[in-house]
There are 2 protein chains.
Amino acid sequence: MAAVKSDLPQGTLDLLILKAVAVEPVHGYAIAQRLEQVSRGVVQVPEGSLYPALHRLENRGFLAADWKKTETGREAKFYRLTRKGRKQLETEAASWQRLIEAIGLILGMADGGAQ
Amino acid sequence: MAAVKSDLPQGTLDLLILKAVAVEPVHGYAIAQRLEQVSRGVVQVPEGSLYPALHRLENRGFLAADWKKTETGREAKFYRLTRKGRKQLETEAASWQRLIEAIGLILGMADGGAQ
DNA sequence: TGTCCATCCCTTGCGCTTCTAGGCATCTTC
DNA sequence: GAAGATGCCTAGAAGCGCAAGGGATGGACA
């Protein structure tokens, strides 16, 4: 509801995908749905962003994929985290944490108008 | 210290610049220094990112500039926030808040390995 | 049977931002 | 007068997200 449509900053999509896959192996289509649900509609991942990102992460060795059947009886490409991918997730999550703290400090600066 | 060198996600630089200028009119060179100081070295803005961003924000009407003398007696281009820019700052700050909350929800999902 | 919708995969091309790597000028300090 | 800090700028490359396309399958419904 109230789909605010916030474009993702460059680089954050990888983090979100890695996290989604870390919870349990899933296929691409489900990743997008899950991210949207968990974020309450704030994060929306169009397929034109999703699949290139998945291939990117696979090429870099962070993800690996197998074709399996979904619950609905369809063939789908299930991604899972490699050891390297899990490490990358930790690194990126830490970077993200550091970043939002830093930006928090900046946004917390006393404003000229208010206080 | 411990300059971690974290590249900024696309779009966040504008927010940081708008905020820095909102505190008080400053020139470009000082913006970079201020952001780095306040963020304790986490946010580092190379000049090749800074000046194009400033021109971008000026072209969009969010910033206005005047040449003045600095404390050190030099001519420098002081940027200040326009009314439109202040509104933009509020919008972007709110978006940022919404985004980090959403990503927080996602990163808080129970992991497959730990929890 | 035929049609529609949801599920599931993919690619091309554009637009945007960031960074690297330069250049230029002034002022102070040694 | 050489060096470093201050202060501005640009061009080019690289990367990423998105819109807009395409295709295939299965179930529901008329």
Side-chain angles (χ1 to χ4, degrees), chain A residues 3-18 20 25-37 42-60 62-63 65-79 92 95 99, chain B residues 3-18 20-21 25-37 43-60 62-63 65-79 92 95-96 99 103:
Chain A
V4 196
K5 169 67 168 173
S6 74
D7 294 347
L8 282 176
Q10 194 164 310
T12 48
L13 180 58
D14 288 8
L15 170 60
L16 299 183
I17 291 178
L18 288 175
V26 271
H27 57 274
Y29 192 80
I31 292 177
Q33 289 185 319
R34 191 176 288 250
L35 290 180
E36 184 167 347
Q37 284 174 6
V42 175
V43 172
Q44 294 181 29
V45 187
E47 302 192 346
S49 307
L50 178 66
Y51 290 109
L54 284 171
H55 300 155
R56 205 162 56 223
L57 293 170
E58 194 178 3
N59 285 336
R60 291 178 186 166
F62 299 143
L63 296 181
D66 317 279
W67 286 91
K68 285 186 205 166
K69 274 206 190 304
T70 63
E71 303 165 352
T72 62
R74 258 202 176 78
E75 286 294 315
K77 211 169 168 182
F78 281 77
Y79 289 91
E92 287 198 21
S95 287
L99 180 69
Chain B
V4 196
K5 171 64 170 176
S6 73
D7 294 346
L8 283 175
Q10 194 165 314
T12 48
L13 179 57
D14 289 8
L15 171 61
L16 299 183
I17 290 179
L18 289 175
V21 173
V26 270
H27 58 272
Y29 192 81
I31 292 177
Q33 289 184 321
R34 191 176 287 251
L35 290 180
E36 183 168 348
Q37 284 173 7
V43 172
Q44 294 181 27
V45 186
E47 302 191 348
S49 307
L50 177 67
Y51 290 109
L54 285 171
H55 300 155
R56 207 161 56 224
L57 293 170
E58 193 179 3
N59 285 336
R60 291 178 186 164
F62 299 142
L63 297 182
D66 316 278
W67 287 91
K68 285 186 207 164
K69 275 206 189 304
T70 63
E71 303 166 353
T72 62
R74 256 201 177 81
E75 287 294 314
K77 210 170 170 181
F78 282 76
Y79 289 92
E92 286 197 21
S95 286
W96 172 255
L99 180 69
I103 294 186

Could you check whether any side-chain heavy atom of [X] comes within less than 4.5 Å of a side-chain heavy atom of [Y], counting everything from C-beta outward?
| X | Y | result |
| --- | --- | --- |
| B:Tyr29 | B:Gln33 | yes |
| A:Val45 | A:Glu36 | no |
| A:Asp14 | A:Arg56 | yes |
| A:Leu50 | A:Ile17 | yes |

Can you tell me how far [atom2] of [N] sits from [atom1] of [X], to the nearest Å?
| X | N | atom1 | atom2 | answer |
| --- | --- | --- | --- | --- |
| B:Leu54 | D:dT10 | CG | P | 11 Å |
| A:Tyr29 | D:dA24 | OH | P | 18 Å |
| B:Leu13 | C:dC16 | CG | P | 16 Å |
| A:Asp66 | C:dC8 | CG | C1' | 16 Å |
| A:Ile17 | D:dG17 | CD1 | C1' | 11 Å |
| B:Trp67 | D:dC8 | CH2 | P | 6 Å |
| B:Leu57 | C:dT17 | CG | C1' | 12 Å |
| B:Asn59 | C:dG15 | CG | P | 18 Å |

Taking the minimum atom-to-atom distance to the side chain of [X], which one of [options] wins?
| X | options | value |
| --- | --- | --- |
| B:Pro52 | D:dC8, D:dG17, D:dT10 | D:dT10 |
| A:Arg56 | D:dG17, C:dT18, C:dC8 | D:dG17 |
| A:Pro46 | C:dC10, D:dA19, C:dT18 | D:dA19 |
| B:Arg60 | C:dC19, D:dG15, C:dC16 | C:dC16 |
| A:His55 | C:dT11, D:dC9, D:dG17 | C:dT11 |

Query raised in the report: Charged N to carboxylate O below 4.0 Å: is that the case for B:Glu75 and B:Lys68?
Result: no
Report summary line: CG of A:Leu63 to OH of A:Tyr79, rounded to nearest 0.5 Å, is 7.5 Å
Query raised in the report: For DNA chain C, whose closest nucleotide is more 5', that of A:Gln10 or that of A:His27?
Result: A:His27
Query raised in the report: Got a donor-acceptor pair under 3.5 Å from the side chain of A:Glu47 to the base of C:dC8?
Result: no
Produce the list of close N/O pairs, under 3.5 Å, pairing protein atoms with atoms of nucleotides 27-30 of chain C; give distances to one decimal.
residue: C:dC27; atom: O4'; partner: B:Arg74; partner atom: NH2; Å: 3.4

Query raised in the report: Nearest heavy-atom pair of A:Glu92 and A:Leu18: which atoms, and what distance?
Result: OE2-CD1, 4.3 Å
Requested in this report: Using only side-chain N and O atoms of B:Tyr51, determine if any of them is under 4.0 Å from OP1 or OP2 of D:dC8.
Outcome: yes
